[in-house]
Amino acid sequence: MADEKIVVIAVKKPNQDEERFASSLQELTSLSHTAGGDVKQIMTQKRDRIHPATYIGSGKIKEIRSIIDELDIDLVISNDELSAGQLRNLASLLGVRIIDRSQLILDIFAMRARTKEGKLQVELAQLEYALPRLRGQGVEMSKLGAGIGTRGPSETKLETDQRHIRQRIYDIKKRLETVVKQREQYRKRRKTKDVFQIAIVGYTNAGKSTLFNRLTHSNSLEEDQLFATLDPLTRKIQLPAGLQVLITDTVGFLQDLPTALIAAFKSTLEEVTEADFLLHVVDGSHPDQDQQQDTVMQLLKELNAQSIPMLTVYNKKDLLKQDVIPINQPHLVISAYESSDVVRLVSTIERLLKEAWQRYNVKLDPDQGKLIHQLEKETIVEHKIFDEMTNIFQVYGYMRHDHPLNRILEE
């Protein structure tokens with residue numbers, strides 16, 4: 001199937017930063033490509049405020065209309081979220097399907113969802129987004145075929161029965177409550193076992209899944225596309241000294257994520273808040289990396305996760321045109337494809353934990369083998385010496401201040 005031909009439309013407001021505006025358009029183009037579209041033209045207009053009825057002015061609408069005819073355009077995508085009225089008016093004035101940035105992102109999430117939970121979360125976000133806009137979709141949207149922005153609940157069904165949608169939203173929320181409870185139980189079990197947890201966070205397409213796969217020797221989906229990973233994966237890895245940790249790959253962040261989506265993915269994003277340590281993966285080769293890092297830090301703040309210890313990993317060093325100027329510390333510059341860099345990363349994590357944890361020095365009898373094994377798995381053991389004269393094990397290492405073993409060793 002040929003890619004859908006797209007025109008992107010955007011309003012540049014006076015208070016909008018030029019760089020951020022350009023990066024949002026570049027991102028919208030990437031998102032369109034991910035969804036299976038081909039952006040043929042970007043039409044922008046400088047306005048003091050967005051037109052309440054048509055988003056852009058009448059002169060620009062005429063220009064867009066002629067571009068649509070000339071290039072045989074299938075779809076128009078707006079850079080900003082549109083109201084029901086704006087959607088309806090634009091669809092009738094332009095004569096093609098029109099969606100906005102939020103619908104596009106929701107569409108990609110619908111395409112990417114693999115698990116039952118992921119699919120339910122996306123459907124919930126789509127329904128909540130669609131409900132206030134039912135009357136705005138125009139004639140084009142009720143002719144449901146395939147196409148970007150039409151994955152998920154069908155528009156004809158949406159238009160016929162608002163009650164049906166509200167009921168469906170209620171049902172999905174109920175089903176998700178069960179899933180959230182199961183996830184919370186799973187987290188509690190992990191906490192009671194006192195397993196140290198690391199979450200990989202970062203902007204979408206920064207290379208999180210590639211790094212996760214290299215660290216865990218697994219094969220989760222790796223693609224040079226936005227939102228390749230939607231459902232969080234957790235695996236166990238071992239640090240050089242023997243400490244066993246759980247590592248989770250999370251959904252990529254993005255500027256201006258639809259509110260409905262953040263709400264729907266709350267339980268998934270809570271994986272981040274439960275972590276003891278964060279790996280913030282940044283595409284070091286991206287021209288807008290500062291902006292992307294700020295977006296991630298802002299989202300972490302919204303999740304109340306900004307105080308979790310973090311290592312910023314500037315990835316894709318093989319694509320760097322110049323040296324990375326880090327805006328976050330501590331940091332490391334790597335390529336996830338270089339095994340020596342992955343080894344260096346794991347050693348750095350261990351070093352940072354040693355710096356933050358408290359040192360211990362304990363003498364144990366050989367019959368305390370279970371405790372020795374526990375220390376090797378749950379703490380960073382630096383030295384373990386057996387003194388044959390005294391028949392005693394001397395163990396030196398580092399452990400978290402709040403680890404239950406602290407109390408046992410102090411007794």
Side-chain angles (χ1 to χ4, degrees), residues 186-202 208 211-212 214-216 234-250 270-281 297 300-301 303-314 326 328-334 341-365 368-387 392-411:
Y186 177 54
R187 282 201 203 109
K188 272 182 193 149
R189 276 207 307 278
R190 287 198 318 219
K191 279 290 177 201
T192 53
K193 288 181 180 172
D194 270 293
V195 184
F196 192 77
Q197 295 175 53
I198 297 174
I200 302 179
V201 298
K208 295 184 302 300
L211 186 59
F212 177 81
R214 298 299 177 272
L215 286 165
T216 61
T234 301
R235 298 273 186 276
K236 192 182 277 186
I237 67 165
Q238 192 167 302
L239 299 188
L243 171 72
Q244 292 190 358
V245 302
L246 286 177
I247 191 155
T248 301
D249 184 17
T250 62
E270 275 167 3
E271 287 288 335
V272 174
T273 65
E274 292 293 319
D276 300 294
F277 190 86
L278 300 178
L279 283 182
H280 175 187
V281 182
M297 298 308 284
L300 288 174
K301 203 172 172 182
L303 290 166
N304 286 324
Q306 74 275 26
S307 56
I308 299 171
M310 183 171 80
L311 170 64
T312 302
V313 181
Y314 292 95
N328 288 305
Q329 297 290 355
H331 80 279
L332 202 61
V333 181
I334 70 155
D341 280 358
V342 176
V343 169
R344 200 159 53 88
L345 169 62
V346 174
S347 302
T348 304
I349 294 168
E350 190 170 88
R351 177 177 60 77
L352 289 170
L353 295 184
K354 278 159 74 171
E355 286 171 12
W357 291 0
Q358 68 184 47
R359 206 162 195 278
Y360 69 83
N361 169 5
V362 64
K363 291 177 180 174
L364 298 168
D365 295 324
Q368 290 178 286
K370 194 179 169 189
L371 184 55
I372 294 167
H373 180 62
Q374 210 179 341
L375 286 170
E376 286 171 338
K377 268 176 59 178
E378 296 177 26
T379 76
I380 296 170
V381 172
E382 206 165 39
H383 297 296
K384 186 179 75 176
I385 302 156
F386 179 64
D387 188 334
I392 289 286
F393 277 104
Q394 186 104 16
V395 185
Y396 302 86
Y398 299 84
M399 75 166 75
R400 298 201 317 269
H401 299 270
D402 58 350
H403 199 293
L405 281 175
N406 255 323
R407 290 194 300 277
I408 296 166
L409 297 180
E410 281 166 9
E411 285 168 6

What I'd like to find out is whether the side chain of [X] reaches to under 4.5 Å of the side chain of [Y], using heavy atoms alone.
X      : Y      : result
Thr348 : Arg351 : yes
Pro330 : Leu352 : yes
Asp365 : Ile392 : yes
Val395 : Thr379 : no
Leu278 : Leu300 : yes
Leu311 : Leu345 : yes
Ile334 : Arg344 : yes
Phe212 : Ile237 : no

Let me confirm one number: the [atom1]-[atom2] distance from [X] to [Y], rounded to the nearest 0.5 Å.
X      : Y      : atom1 : atom2 : answer
Asp249 : Arg235 : CG    : CZ    : 9.5 Å
His331 : His280 : NE2   : NE2   : 13.5 Å
Arg400 : Trp357 : CZ    : CH2   : 6.0 Å
Leu211 : Ile200 : CG    : CD1   : 5.0 Å
Leu371 : Glu376 : CG    : CD    : 10.5 Å
Asn361 : His383 : CG    : NE2   : 10.5 Å

Just do the side chain to side chain contact (heavy atoms under 4.5 Å, CB included) check on Tyr360 and Ile380 with the steps written out, would you? CA-CA 10 Å; Tyr360 69 83; Ile380 296 170; over 6 Å; no

Take Thr312 and Gln329, measure what side chain to side chain contact (heavy atoms under 4.5 Å, CB included) needs, and give me the verdict at the end. CA-CA 7 Å; Thr312 302; Gln329 297 290 355; over 6 Å; no

Which of parallel (below 30°), tilted (30 to 60°) and perpendicular (above 60°) describes Phe386 and Phe393?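 Correct class here is tilted.
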
Any idea how Phe277 and Phe196 line up, ring-wise: parallel (<30°), tilted (30 to 60°), or perpendicular (>60°)?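 Plane angle between 30° and 60°, so tilted.
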
Shortest non-hydrogen separation from Val272 to Ala199 and the atoms involved: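 Of all heavy-atom pairs spanning Val272 and Ala199, the closest is CA-CB, 4.3 Å.
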
Which atoms form the tightest heavy-atom contact between Leu375 and Val381, and what is the distance?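 The answer is O-CG2, 3.6 Å.
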
Starting from the C-alpha separation in whole Å, work towards a yes-or-no answer on side chain to side chain contact (heavy atoms under 4.5 Å, CB included) for Leu353 and Leu239. CA-CA 11 Å; Leu353 295 184; Leu239 299 188; 4.1 Å; yes

For Tyr398, run the side-chain hydrogen bond (donor to acceptor under 3.5 Å, both in side chains) check against Glu350, Lys354, Arg359, Gln358 and tell me which one passes.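 Single side-chain hydrogen bond (donor to acceptor under 3.5 Å, both in side chains) partner of Tyr398 among Glu350, Lys354, Arg359, Gln358: Arg359.
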
Which of these, Thr234, Ile349, Leu215, Ile308, sits in a side-chain contact (heavy atoms from CB on, under 4.5 Å) with Ile198?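 With Ile198 as partner, side-chain contact (heavy atoms from CB on, under 4.5 Å) holds for just one option, Ile349.
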
